[in-house]
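A short write-up of the structure that comes next.
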Amino acid sequence: MAADVAGARRTPWVLLSPSLATISLLLIVPMLFIVVYSFWLRTATGADQVGFYLDNWIEVLGDRFYRDILFQTLLIAFYTTVICAFVGYIPAYFVANTRMKSKAFLLLLLMLPFWISYIIRTMSWINILGTSGALNTLLISIGIIDDPIQMLYNQQTVVLGLVHYLLPFMILNVYVSLDGIDKNLTEAAQSLGCTGFQAFREVTLPLSMPGLAAGSLLCFVLAAGTYITPIVLGGPRDAMFANLVFEAIVTQLNWPLGSALSLVLLALLGALVVIYTRYLGIDQIAKSFK
Amino acid sequence: MMSGWSVIRIATILVYLFLFAPVAVVILLAFNANQFGSFPIEGFSFRWFEALWNNDAIVRAFKTSLLLGVLTAAISTTLGTLAALAMVRYDFPGKRTISTLLVAPILIPEVVLAVALLLFLQFLSMPKSFGLLLMGHVVFTLPFVVLVVQARLVSIRRDVEEAAMSLGATPVQTFFEVTLPLMLPAVMAGMLFAFTISFDDITGTLFWKPGGVETVPTQIFAMLRNSISPEINALGAVMVIFTIALPLVAASIARVMAMRKVGASK
Amino acid sequence: MADRQNAVELHNVVKRFGEFTAVKRIDLTVPDNSFVTFLGPSGCGKTTTLRMIAGLTDITEGDLLIRGKRVNSLPIHKRNLGLVFQNYALFPHKTIFDNIAFGLKYRKVSKANIADKVNKALDLVQLPHVADRYPNQLSGGQQQRIALARAIVIEPDVLLLDEPLSALDANLREEMRVELKRIQRELGVATVFVTHDQSEALAMSDKLVVMNNGFVEQEGAPEEVYNNPASAFVADFLGHSNIIQANLGSPDAAFTQVALESGETLLTTDEQTAKAKNSKDVRAVIRAEKIDLSEENRATDGVISIPGKVKTVDYLGQQARYFVEANGRDWQVINPIDAHPHKEGADIFMHIAARNCVLLPGHQD
Amino acid sequence: MDDTKRYERLLNRYRDRDINRRTFLTALGAAGVVAGVTGGPMGMLARKAMAATPEQVRFDGWGGVVSEAFEKYAFAPYTKKTGIEVVSGTFGGADEYIARVKASQPGEFNLAHLSGVFDYARYHGLELTSELNEDNIPNLKNVIPTLVEPLRKITGGTISAVPYDYGTTGIAYNRKYISDDEAKAKGAKLMVDEAYKGKIGGWGEWKTRIWYGAMQSDQDPNNIQDIEAVWDMVRAHRDLALKYWSSGAELMSLLAEEEIYVTEGWSGRIKALQDQGHDIGYLDPAGGLGWQECLFVLRGSPMAACEELLNFMLEPEVAIAVAEGQSYPPALDPQKIELGEVIPTLPAFDPSGTLSSLSFFDPAYWNENEADWSKTFSRVQRGY
């Protein structure tokens with residue numbers, strides 16, 4: 001019978017083992033493998049030379065090109081995150097505070113873009129913003145402009161596509177933390193002499209910070225890792241780091257270099273996550289999925 | 001002068017419009033008779049739906065995606081629910097690290113994950129298979145399930161489970177009789193999450209799919225290489241309707257269940 | 001016939017959570033058919049002890065016996081206990097009938113028997129018509145009765161009640177207290193009741209176990225514990241007491257003199273003196289309600305009177321609590337309110353009978 | 001009824017022009033659907049998941065209309081005839097496919113519809129080529145010899161693929177804004193003309209960009225002397241361009257919706273646009289860029305089965321039907337085979353069967369520079 005007590009200590013590991021086995025086998029081990037691969041070398045024929053070469057790392061870390069694209073990627077991810085934060089906060093606030101009975105329905109609506117194919121969603125911006133797209137057609141027909149405006153294929157449209165893709169993540173996160181705030185607190189602040197806006201600034205905003213931070217982390221990481229959006233909505237120059245990884249591995253068949261590039265991106269985002277976990281805790285992300 | 005609340009309400013409506021604009025356009029253009037699926041709309045037609053219906057490749061891809069999504073949802077919900085149970089109901093050393101680990105797949109850019117797994121497989125001399133594609137999908141849908149179920153599980157009071165056990169139910173019986181029914185909404189949500197993310201995935205799928213297996217997004221991707229066709233819009237419309245219908249059906253089922261629970265006497 | 005069996009026995013039970021020791025070596029028995037209450041402030045270890053008996057928390061050291069069998073590592077679902085929780089813990093997704101039938105189902109009771117037993121249990125808790133409802137359609141008091149019905153329908157060896165009344169409002173609590181005691185009597189099931197409410201504990205228990213800081217401070221019949229606290233903690237936790245450092249004086253004819261630190265001298269009985277005779281320091285414990293206030297000095301044999309001045313008066317319904325200053329020290333006194341209660345600022349006398357001056361060995365903490 | 005007989009009767013009726021192409025297609029398609037439904041999704045997936053067995057061969061193609069043409073005109077009848085199942089898959093691009101093949105086990109992939117001689121050489125470099133027994137492919141004798149020769153040169157006399165179709169990457173322009181005369185006069189330089197800034201497109205593929213960069217800087221693309229001048233042209237084009245397209249679909253929609261007025265384009269796609277009534281001009285400049293597509297057999301495949309399929313696909317009826325479906329001329333020699341009425345109207349069609357007017361990527365030359373140039377292009381593309 002003593003086994004039962006030992007069993008209780010073992011139970012969480014029994015429950016976790018399928019997940020951990022899956023993640024270890026399909027994520028951790030392959031990631032370690034990629035580390036090994038990054039020290040190999042691509043030969044002229046396209047085959048890989050096994051060995052220990054630092055060439056890829058010297059190239060990746062020493063070349064300004066990669067640094068610049070990385071910077072551009074982080075910049076795009078940053079813009080996306082900031083816009084998502086500003087644009088996402090408002091509906092989250094509305095849904096959290098509305099007295100409408102259809103709160104759940106409003107949330108469900110916000111979730112809906114999640115259920116629509118990412119490719120189709122991204123591509124449909126072409127039909128909206130294109131020279132003969134919906135927006136230009138509308139503007140011309142009501143006489144605001146005479147000739148179509150060129151709106152597509154630049155960095156702004158890439159950010160737009162990403163914002164559209166990631167906004168629900170942000171709204172969901174902010175909503176959860178806003179919903180958890182005791183309404184008495186803002187009332188208390190107002191009773192102490194704050195105006196409505198001051199109460200928001202002094203109480204609601206700081207208390208919703210964790211949700212905002214969790215949403216921002218998700219937005220940033222997911223934005224920094226995309227490569228389809230810049231292909232579909234970007235101009236000739238608008239590439240992101242994941243495109244370089246894709247090109248190195250798929251177009252140039254240079255897997256060792258692609259591995260090194262992958263690891264750079266991973267290390268950077270990983271560092272971000274570690275910093276975040278340290279100061280805010282991964283649990284906050286968990287909270288947002290209620 | 002408008003009150004702050006009205007401004008918020010209007011801004012909210014605008015954000016909703018922004019979120020749904022592309023969806024609306026896709027559905028609108030699916031009925032456009034015009035060859036290029038662009039504005040202005042030149043006539044109302046079902047021809048693209050017809051073309052879609054007759055397109056074997058798409059229908060096959062749709063079946064594959066459906067099967068893949070359902071299996072992914074089933075497996076990753078099972079794994080994720082077990083993991084969430086461990087995380088919420090037990091204390092053990094290294095919990096923090098494991099919590100980070102469970103979320104890791106959504107924090108690693110998918111292209112990196114895809115490539116890593118591909119290289120590893122080649123090293124093992126293992127052929128790609130539907131099973132691998134499935135497991136790949138399980139890995140990156142797992143965190144969403146874990147997070148959703150975990151959040152819900154926290155709010156289920158432990159004493160209800162203790163009560164069940166005090167009445168003679170074993171831990172396993174307790175899970176199925178009490179815990180599972182109570183966290184069913186979260187499990188369903190996690191399942192839905194996993195299903196749609198799997199159904200929507202392109203990057204990982206492109207790398208992992210074995211030959212001859214196409215999912216809807218990879219099929220769209222392949223179609224884009226060779227033909228532009230409002231069939232894609234029709235497909236989008238079908239997917240939108242399909243994916244909108246799913247949560248709505250789930251929601252109404254949940255409501256019916258809730259109604260039954262509350263009953264008529266209240 | 002065998003000796004009267006103990007439903008539960010704890011021998012040298014210790015519970016540690018990591019560095020923290022929640023229960024520090026407890027020895028206890030719960031006799032058959034008795035109603036035993038664990039009383040103490042929050043964090044005293046009473047709930048942990050209950051959870052160890054239930055099997056919800058494992059025991060770090062010591063032995064736990066239920067009906068004479070050691071059950072230290074027997075999982076909860078094999079212990080045959082009735083457990084009632086503070087927040088009822090009814091299954092929200094099951095009807096009242098299914099809630100009560102739950103335990104019977106796992107005891108492989110036949111369908112017909114289940115219906116029969118459930119109905120009887122519902123009758124016992126006086127809610128015969130709610131079988132088809134869901135828990136959220138019942139009031140708090142009704143839910144508590146259902147939780148009780150669910151726990152007793154399985155005919156448990158021991159009934160464990162974890163602060164079952166604390167979520168109810170004051171009137172209902174009173175009513176349920178009576179109800180609970182009635183049902184326990186009727187069934188004759190050994191019951192462990194955990195509470196931090198002293199009036200509940202005093203009213204219901206056959207045996208009272210006062211816990212503090214992981215230790216049992218005192219156990220015994222309620223009146224014994226109340227009248228003769230074994231420690232300053234018990235004296236203070238049960239009701240209100242004046243605890244004053246004192247020195248034992250010489251024995252008088254029938255009583256012993258007790259010289260209080262604050263200057264007064266009280267009398268006490270030989271019985272009390274015996275308790276403290278080996279101790280250098282003693283404390284005198286005088287319960288607030290055992291002091292008699294009056295405007296005139298009514299000192300008699302064995303009753304000392306101390307003059308003082310009423311500082312404040314709190315009205316507690318039929319009683320009033322006075323703070324009386326005497327020799328620069330505040331005394332707490334609780335007296336019934338007669339026609340005219342004493343006013344603030346009034347000069348009065350406190351009368352203390354020798355039998356009401358309890359002595360505790362040792363120094364004030 | 002015996003399916004094989006039904007197919008042969010259909011084919012005969014089609015040959016006799018007794019039924020039209022659409023009916024033929026529908027009948028075969030229906031047969032395919034029946035086969036698919038009875039197979040069931042799980043069985044289908046399980047079998048597809050395994051490496052090819054002699055009972056089946058794997059074929060990967062471009063998807064879309066091309067794959068549909070293949071499935072209906074070639075695979076379904078072939079399966080009926082031989083009992084060998086053709087498992088068909090699609091890829092998004094040649095690069096993606098080669099990456100997948102590189103990461104696969106031998107035998108996992110068999111046949112593929114690949115572009116150009118250049119990729120053929122790449123596969124050879126990765127030791128993925130096989131050796132076809134030409135005796136099993138009698139129809140090979142009908143293929144334009146100049147298309148076969150470059151392949152033989154790479155694999156030392158034997159071949160690992162049969163040429164199947166060809167096309168050009170020429171200059172496409174919107175006649176509403178650019179006249180034929182202007183296009184003819186400016187040629188490749190039309191795409192670096194400041195006047196059309198923001199209305200220029202181009203394929204985001206390094207070989208094509210460098211090829212056109214060489215033409216724009218008046219050099220021989222297969223013998224570039226001044227690579228810096230080429231890069232300058234690539235940069236100039238990049239700065240004027242609105243968008244690099246990456247698929248036929250994008251190319252067509254950019255032109256059709258007048259997002260851009262000029263780009264280089266694939267002959268078949270432009271033909272499709274013209275057929276839809278868009279006023280798009282198409283010009284193959286002198287020494288225009290031609291390419292061929294071949295049916296490639298990968299090392300480790302069941303050779304006999306693959307060879308039989310190749311021969312079947314080179315049957316004039318099948319090849320012509322496929323060609324009409326995808327708007328690229330077949331690799332069959334018009335001097336030996338009667339190609340019907342539609343094929344001669346396709347752009348890039350060469351009635352002489354010599355293809356002497358076209359230039360092709362010199363595989364040796366381009367392969368030698370591949371690593372360097374593709375990487376440099378990746379940078380130049382992003383503003384360097």
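From a predicted model like this one, the values you see are computed outputs, not experimental measurements. Labels below follow one simple rule: chain letters A, B, ... track the order of the sequence lines, proteins then strands, and each chain is numbered from 1.
The side-chain heavy atoms of A:W13 and B:I98, taken from C-beta on, include a pair separated by under 4.5 Å.
Counting heavy-atom pairs closer than 4.5 Å to chain A, the top residue among B:D91, B:L113, B:L85 is B:L113. Contact tally against chain A (heavy-atom pairs below 4.5 Å) for B:L14, B:V139, B:T78: the top residue is B:V139. Residue with the most contacts toward chain B among A:T226, A:L167, A:I171: A:L167 (heavy-atom pairs, distance under 4.5 Å).
Note that OG1 of A:T98 and CZ of B:R9 are 7.0 Å apart. Values are rounded to the nearest 0.5 Å. In this structure, B:L19 CG and A:R121 CZ are separated by 9.0 Å, a value rounded to the nearest 0.5 Å. Taking NE2 of A:H164 as the reference point, atom CZ of B:F20 lies at 8.0 Å (rounded to 0.5 Å). We find the CG-OG distance between B:L82 and A:S19 to be 6.5 Å, quoted to the nearest 0.5 Å.
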List, one per line, each side-chain donor-acceptor pair under 3.5 Å for residues 20-34 of chain A, sequence neighbours excluded.
from  : atom 1 : to    : atom 2 : distance (Å)
A:T22 : OG1    : A:P18 : O      : 2.6
A:S24 : OG     : A:L20 : O      : 2.5

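With a 4.5 angstrom heavy-atom cutoff, B:L142 touches chain A only via side-chain atoms. Neither the backbone nor the side chain of A:I126 comes within contact range of chain B; no heavy atom of the residue lies under 4.5 Å from a heavy atom of that chain. Looking at B:T203, both its backbone and its side chain come within 4.5 Å of chain A, counting heavy atoms on both sides. With a 4.5 Å cut-off on non-hydrogen atoms, B:L206 touches chain A through its side chain but not through its backbone. Both the backbone and the side chain of A:L160 come within less than 4.5 Å of a heavy atom of chain B.
Between A:L16 and B:M87 the shortest heavy-atom distance is CD2-SD, 4.1 Å. Closest heavy-atom contact between B:F92 and A:P12: CD2-CB, 3.6 Å.
Scanning residues 254-264 of chain A against chain B with a 4.5 Å non-hydrogen threshold yields A:W255, A:S259, A:S262, sorted by number.
By the side-chain contact (heavy atoms from CB on, under 4.5 Å) test, A:S124 is found to be paired with B:P22, B:V26, residues two or more places apart in sequence or in another chain being considered. Partners of A:I90 by side-chain contact (heavy atoms from CB on, under 4.5 Å), not counting sequence neighbours, listed by chain and number: B:I8, B:A11, B:T12.
Within 6.0 Å of CE on B:M135 lie more than 12 heavy atoms contributed by other residues, nucleotides or ligands.
Centroid-to-centroid, the aromatic rings of A:F94 and B:W5 come within less than 6.0 Å.
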